[in-house]
**Q** 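One structure, as structure tokens, below. Some questions next.
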Amino acid sequence: MPALACCVDAAHAPPGYALAGDISLPPPVTFTGALPLATTTDDADTNTSHWTPSMSSTLYRIDGWGAPYFAVNTAGNISVMPHGLGTLPHQEIDLLKIVKKVSDPKHSGGLGLQLPLIVRFPDVLKNRLESLQSAFEFAIQEQGYDGHYQGVYPVKCNQDRFVVEDIVKFGSPFRFGLEAGSKPELLLAMSCLCKGNQEALLVCNGFKDREYISLAIVARKLALNTVIVLEQEEELDLVVEISKKLCIRPVIGLRAKLRTKHSGHFGSTSGEKGKFGLNTTQVLRVVKKLENLGMLDCLQLLHFHIGSQIPTTALLADGVGEAAQIYCELVRLGAQMRVIDIGGGLGIDYDGTKSCDSDISVGYGLEEYAAAVVSAVQFVCDRRSVKHPVICSESGRAIVSHHSVLIFEAIGASSYGAPTLSTIGLQYLVEGLSDEARADYHSLSAATMIGDYENCVLYMEQLKQRCVEQFKQGTLGMEQLASVDGLCELVSSAIGAKDPVRTYHVNLSVFTSIPDFWGIDQMFPIVPVHRLDEKPTAKGILSDLTCDSDGKIDRFIGGESSLPLHELEGNDGGYYLGMFLGGAYEEALGGLHNLFGGPSVVRVMQRDGPHGFAVTRAVPGPSSGDVLRVMQHEPELMFETLKHRAQEFAADENGHDDDEDVDEKSMMNAAALAARLAFSFDNMPYLVASSSCALNAMENNGFYYCSSDEFSEVVTDSTCA
């Protein structure tokens, strides 16, 4: 028999194609000199029964990026500590319990919402604000600084109504304000700050036209503490003109272009070539113009921005020191300066490494950041004998990133179904090969028998390529081509060359929910939210639902190209993954690729009680009709068109039969079809997963569609007679 027959007949491969003449397989044969089989587990930890939650915490670096808000509990689930370090043991929230509460059907006591899901934790948001405020207050007291800290939240990071309202509410005791960069953002900021602290700043950034400036000056008339920050020199003329017309004296700030430059990805807005701000010549012209107009007292704030994710406090202190010099110069020139706004830049440690050389990590915490800022401002002002200014920051990413968790489900995983090959089937395959391909086959056989890894790989690739060429020429059948693939797969497994990375299909759109990964290669921590008391035995990448090759996640924190994952458990329960630290920018930047809309959203507060939490707000994600409407379609008209077609189809199906029973059946069928259509318009575009439903697998990818209870009833009613 052919030399590779022992390999083929001994292999325990899943059923796929079977060639003619399949016979019983003989006992396994071990190759002399063959390399050991590939595994996905470490030799030192092959016994999964000894796996503990703390091992998962180390594996996924949860203690690094998650502290003090996320950890692994003894049940192997992700726990949320809503009050950070101040969270008591009974206040911890089991994330899996939230997922179950939200996604379980209503008749089982759940909310019946569909995944994917964003879970917001206002308690975490409150703790982030308080921690930032405390860090600056401690630095101010420790260093004897003679001013105070008064931050603003840049609403562009997350414009969700309840996020902004929470920040205004939670920040009111320490005069926390808002920053706007467009007219809609200014309108929402004005509305929210009507319920905030009267001293809270409303900082107006971004490019401005007449309407924007008019709105900002009206906000001042409404007793909001508004500052119009000049991004361009020309904006000053509009500010002067409109303020005179409305008889309102404005408070003006200016954004300076610093020479200090952040060299990372997020530093493109800094330096002399930055997109925003005035250079020193323009600053001097603005000062001179205000002086000539008798309005130099209106200039009260200096703003600058080094860039997001400032990696080190050394770079931060350098930029703040330069800005403080400009501030002192403005004071010397006669401006009634009061506030130095250091902009954003307070970074997030996305990978838990505390690295200074990465765009996804920073080498400091809140306390070090605040101390560096206060020290740099104080040093310059003391040397120039200038009164210490109010320190303002626009730390949006650092405020909102932690409070939001994206939950999504893995709905299947790829697995290669190698064909079952017998001795006779293999002989049939070999006889169909060209002379060159047959020579490669014999060379592969010889290399396999002696465990020659390098030549095995070489001859496998040559054999496959020659067979593909034969197939293109029509001299090799599809069954034979599949058998060649299966043969090479079996040999790869035998010599340990099989790629251990699998593709996990997830019920998600990367473009909608994690756009920064696709757009700028931004990585976020992704972790299973349960089963962390089990050793993950697979490595995987994540593939989303979109019909786009970029719709995948194949890079992970720690420089990894795959993620440790667990085997899926079939229909017994879902496998839920969480993306963490994504509360800034992702929702606002998300698009509608393939018309997948945003996730469902719930707001969860810590409560003393049996479950430890309460869902205070639950909003289902946009329906198919909603996303169609965004693209200028009219779902109501679309439905009527399809409903009319269904009625015509039902009538044509029964011909001209005058039987009343037939007419009634036609009407019922038409109504059932219309109900199906209505359901599709009203439901979210994502796949519906439920353990109580029948699952329909699609080929090898593991995708399925599962109907809701209502849709199942429609299907039952419309069965054919």
**Q** Is it true that a side-chain atom of Q336 and a backbone atom of Q300 form a donor plus acceptor pair closer than 3.5 Å?
**A** no

**Q** Identify, with sequence neighbours excluded, every residue that meets ring pair (Phe, Tyr, Trp, His ring centres under 6.0 Å) alongside H303.
**A**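 Scan of H303 (ring pair (Phe, Tyr, Trp, His ring centres under 6.0 Å), adjacent residues dropped) gives none.
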
**Q** Using a strict threshold of under 4.0 Å (side-chain N to carboxylate O), is an ion pair present between R555 and D521?
**A**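 Counted as a salt bridge, because a side-chain N and a carboxylate O are separated by less than 4.0 Å.
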
**Q** Looking at E231 and K208, would you say the former's side chain and the latter's main chain have a donor-acceptor pair under 3.5 Å?
**A**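 Checked: no pair found.
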
**Q** Go through the structure and list residues passing ring pair (Phe, Tyr, Trp, His ring centres under 6.0 Å) with F524, not counting sequence neighbours.
**A**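 Per chain and number, F524 pairs via ring pair (Phe, Tyr, Trp, His ring centres under 6.0 Å) with Y350.
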
**Q** Hey, is the main chain of L187 close enough, under 3.5 Å, to the side chain of S191 for a donor-acceptor pair?
**A**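 Not confirmed, S191 side chain does not pair with L187 backbone.
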
**Q** Hey, mind stepping through E137 and Q133 against side-chain hydrogen bond (donor to acceptor under 3.5 Å, both in side chains) and telling me if it holds?
**A** CA-CA 6 Å; E137 288 180 352; Q133 184 72 26; 3.1 Å; yes

**Q** If the threshold is 4.0 Å, N to carboxylate O, is there a salt bridge linking E211 and K183?
**A** yes

**Q** Do R603 and D123 sit within salt-bridge range, that is, some charged N less than 4.0 Å from a carboxylate O?
**A**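 No, R603 and D123 are not salt-bridged.
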
**Q** Compute the ring centroids of H388 and Y145, then answer whether they are less than 6.0 Å apart.
**A** yes

**Q** Tell me, please, which residues at least two apart from R383 pass salt bridge (charged side-chain N to carboxylate O under 4.0 Å, His left out).
**A** none

**Q** If you measure from the Lys or Arg side-chain nitrogens to the Asp or Glu carboxylate oxygens, is any gap between E329 and R384 under 4.0 Å?
**A** yes

**Q** Do you know the tightest heavy-atom contact between P116 and P599?
**A** O-CB, 3.3 Å

**Q** Where does the angle between the aromatic ring planes of F70 and W65 fall among parallel (under 30°), tilted (30 to 60°) and perpendicular (over 60°)?
**A**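 Plane angle between 30° and 60°, so tilted.
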
**Q** Short question: side chain of T512, backbone of S509 - any donor-acceptor pair under 3.5 Å?
**A** no

**Q** Would H402 and Y69 count as a ring pair (Phe, Tyr, Trp, His ring centres under 6.0 Å) here? Give the steps.
**A** CA-CA 8 Å; H402 297 77; Y69 302 107; 5.5 Å; yes

**Q** Check this for me, if you would: do R629 and D626 make a salt bridge, where the nitrogen-to-carboxylate-oxygen distance has to be below 4.0 angstrom?
**A** yes

**Q** Do R210 and E241 sit within salt-bridge range, that is, some charged N less than 4.0 Å from a carboxylate O?
**A**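 Salt bridge flag = yes for E241 with R210.
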
